[in-house]
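The next block holds one structure in the form of structure tokens; read it before the comments.
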Amino acid sequence: MSSPKNKNFLLILFLIFSNFWIYKILDTDILVGIFVLLVSVVVSLNINMKLILIGLGILLFLQFQTTEIKSLTNLDNDEQRVQQERIRSYPLTYIDIFGKVVWFKPEIWIEQNNSVIALSRIEENFFENLDVNKFFFAGFPRNENSDFEKLPFVFLPIFILGFINLISKKQYKIIFLTFFIPVIFMSGIGNENKFGPFSLFPFFILTFLSGFDWIFKKIKV
Amino acid sequence: MKNILVVFLIFVVSLILLSYKLGSVPNGIYVDEATSGVNAYSILKTGKDEYGKEFPAAFRFFGSYSPPLFVYLTTIPVFLFGLNEFSVRVTSVISASLMIFVIYGFIKIAEIDKKIIPLFLLLFIITPWNFFYSRTGYELYLGFFIFSMGALFLWKSLEKKVWLPVSLIILSISTYASHPQIYCVPIFILGFLILFFKRIDRRSLIIGLFAFLIIQIPHLMLLNTKAFLNKSDLFYLNEILLASEKIPLPQFISIPLGFLFSFFARIAAYFSPNSLFFFPDPDPQRSMPEISVFYNWMIIPFAIGFFAVFSKINKLSKFLIILTSSIVIPASLTRDPFSTQRALGLLLPFFIIICVGLSKIYIKIGLRKFLITFLIFFGFSVILLWRSYFVLLPAERAKDWNFGYKALSEFISKNPESKFLIDQSRLKPAYIEIAFFNKTDPNMLQEATDPKIKEDYYNNSEFNPNYNFENIEIRGLTWLEDIYKDQVLVGDELAISPPQIKEHYLTEVFSISDPRSYPILKAYKTDPQKKCVETNFKSDFCAKPN
């Protein structure tokens with residue numbers, strides 16, 4: 001008779017190797033692939049918090065190393081053209097207080113403000129990693145050149161069930177560590193990575209596992 | 001009483017805010033708006049539509065058929081204010097302002113503290129999805145409003161049975177307002193009956209369904225025509241077949257798999273935070289630059305509200321599931337990745353979820369802190385909206401909204417002695433823009449159409465954008481012939497190239513550019529005499545000198 005832990009381990013291996021993403025990573029860089037695999041197992045089995053933290057730290061480091069980092073404020077030629085056009089689009093904005101005119105310069109405050117430019121790029125990176133279609137449908141129907149098959153779409157219901165299950169079990173800490181930290185980290189460094197946002201891979205395996213766990217319990221009941 | 005007064009005040013605020021610069025932003029008239037306006041004008045003046053069909057049950061717009069209610073209602077502002085941008089858009093503004101009462105009704109259901117309800121109603125006015133479509137001069141918002149009102153009464157019917165027939169009547173009427181409702185109303189009612197059957201009064205249901213069917217008689221009469229369910233071409237059959245070829249399985253498995261992939265990918269896109277809080281609609285006419293359908297910060301209350309509503313299965317969560325499904329399922333059967341038009345109905349359940357989320361935050365942090373935080377985000381949102389809608393949209397989306405036709409129409413009417421030939425090749429139907437701005441006599445427009453259309457109005461969906469009325473001809477340019485006639489050639493920036501200007505001795509008579517100075521429309525006068533002389537009367541179209 002196999003123990004529940006062994007059963008879980010087999011299921012985790014099945015989940016890890018039943019998607020296209022891990023093969024792409026292993027095929028391109030075996031070292032990164034092995035780390036992704038190991039951290040996924042450690043996180044899913046919840047072996048030890050220290051080990052999880054170290055594993056996730058290494059994954060984030062690898063994510064950083066393999067990402068083509070772009071400046072958050074530099075504008076290319078086309079973006080500069082758009083910026084100049086936008087600046088010219090603003091009307092003259094002022095208020096007249098008893099004959100004294102106070103001028104506002106929203107075009108400078110908004111369009112030429114480096115903080116605003118950086119914030120909009122962070123926002124773009126952030127929402128890109130919240131796009132379910134990027135993970136389960138290879139970016140379809142809004143395909144971009146960088147999109148590739150990651151997870152099988154038939155796993156989407158398992159993912160949803162698993163995520164709800166994690167929330168209802170108040171597993172906020174592990175969600176925060178495996179999901180929010182990588183997403184926030186990648187919002188800063190960008191998503192120009194040939195392996196995709198692989199630091200989220202353990203989170204997906206954990207969620208699938210949680211989804212299957214919920215299903216098995218329902219079947220037993 | 002006090003609450004109703006506050007809601008009424010917000011209704012007035014909505015009317016004022018949504019009417020601000022209504023005639024000038026967006027700074028053009030989109031063809032769907034123009035056709036609504038021209039048909040309303042035609043009905044008002046002649047009792048017939050642009051093709052000469054008397055009071056149609058579905059309007060034939062460019063070879064497709066649209067529910068008629070919006071056009072008939074638009075006859076009122078057209079009668080009052082004349083045919084202009086304001087008149088075609090004001091019906092949506094009024095619908096959106098009345099929507100405040102519907103939102104109020106739903107927020108009350110969600111058991112939100114009365115103190116903060118006015119804040120949420122104000123937030124609804126400036127929510128991008130609401131603001132944008134409440135200022136468009138075609139049927140979408142009207143349909144959304146009537147459907148939402150019907151949904152509210154359907155909910156109320158769970159407490160008071162008298163509302164059941166009322167809601168079914170309203171929902172039935174909504175199918176005459178806009179296309180999405182034709183598909184989502186049956187799903188919505190069916191879902192409601194399945195989930196709440198035990199709580200429904202049977203007698204009221206029978207009365208309601210009877211009234212529903214009576215109202216559907218005009219639709220039933222169109223059942224066997226192309227005018228009913230005429231959007232089937234939007235389904236992605238080819239995409240499924242193409243995808244199934246890539247799956248190395250027998251066709252009876254690969255085709256359903258291909259369908260499931262396409263269908264669920266679209267469903268996921270309608271729920272994706274990327275689509276809701278970051279990406280605008282890919283169609284530039286259906287979105288504002290740099291803003292999605294909700295403000296990006298709304299993802300926080302949305303996530304909180306989502307878990308609060310769906311963590312326990314109760315009346316509200318069931319109702320929202322039916323409401324959302326009835327909108328998402330038909331929308332996901334069409335090609336677009338995220339159609340803000342077809343899925344406009346989602347604004348209602350998603351906004352309720354956001355309100356629930358905000359309310360949870362309010363309970364957690366208390367009124368004072370909530371008020372300060374809310375006002376900061378509200379102010380930030382107003383600035384974003386002003387930037388996207390009133391600054392960037394008129395500049396960057398002018399061409400998508402057919403900017404330039406007003407000036408062209410004025411030029412044409414100031415030069416009645418000249419003949420104008422408009423190159424239709426790359427333009428959206430130009431005849432309707434000219435007819436709108438020049439207030440072309442409806443009788444004249446009806447005479448300019450193919451009389452066969454009227455004979456089999458609901459089945460003849462083939463559209464021909466070529467027109468000839470007054471001093472205007474609209475079709476593709478025929479270079480071999482058109483340069484030998486004394487006329488003004490009009491086209492977009494690509495219609496006539498500099499070598500052609502030189503070769504055919506054309507003289508520029510005017511050029512219309514968008515606010516960023518990119519040319520949109522250009523007009524050139526031909527010089528047939530010079531062309532014939534210079535080419536030694538080679539063309540058969542040159543009158544040979546005696």
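Both the backbone and the side chain of A/Glu123 have a heavy atom closer than 4.5 Å to some heavy atom of chain B. In this structure, the portion of B/Tyr518 lying under 4.5 Å from any heavy atom of chain A is its side chain and not its backbone. Only the side chain of B/Phe307 comes within less than 4.5 Å of a heavy atom in chain A; its backbone stays farther off. Residue contact with chain B, scored on non-hydrogen atoms closer than 4.5 Å, is absent for A/Glu107. Within the 4.5 angstrom heavy-atom criterion, no atom of B/Ser517 approaches chain A. Neither the backbone nor the side chain of A/Phe135 comes within less than 4.5 Å of any heavy atom in chain B. For B/Pro394, no part lies near chain A; criterion is any non-hydrogen pair under 4.5 Å. With a 4.5 Å cut-off on non-hydrogen atoms, A/Ser89 touches chain B through its backbone and its side chain both. Only the side chain of A/Ile110 comes within less than 4.5 Å of a heavy atom of chain B; its backbone N, CA, C and O stay farther away.
Figure legend: cation-pi geometry between B/Arg266 and B/Tyr236, with NZ or CZ positioned under 6.0 Å from the six-membered ring centre and within 45° of its axis. For the pair A/Lys150 and A/Phe148, the distance from NZ or CZ to the six-membered ring centre is under 6.0 Å and the angle to the ring normal is within 45 degrees.
Aromatic pair A/Phe153/A/Phe136: ring centres not closer than 6.0 Å.
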Quiz item: Should A/Phe127 and B/Phe279 be marked as a ring-ring contact (aromatic ring centres under 6.0 Å, His included) after you check the CA-CA gap, both sets of side-chain angles, and the distance that decides it?
Solution: CA-CA 9 Å; A/Phe127 280 103; B/Phe279 259 125; 9.7 Å; no
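Ring geometry for A/Phe208 against A/Phe159 counts as perpendicular: the plane angle is over 60°, on a 0 to 90° scale with 30° as the lower cut. Between B/Phe306 and B/Phe302, the two ring planes are tilted [angle within 30° to 60°]. Aromatic ring pairs are classed by plane angle as parallel below 30°, tilted from 30° to 60° and perpendicular above 60°; the pair A/Phe14 and A/Phe212 is perpendicular.
Annotation: maximal heavy-atom pairing with chain A below 4.5 Å, among B/Ala395, B/Pro515, B/Ala269, occurs at B/Ala269.
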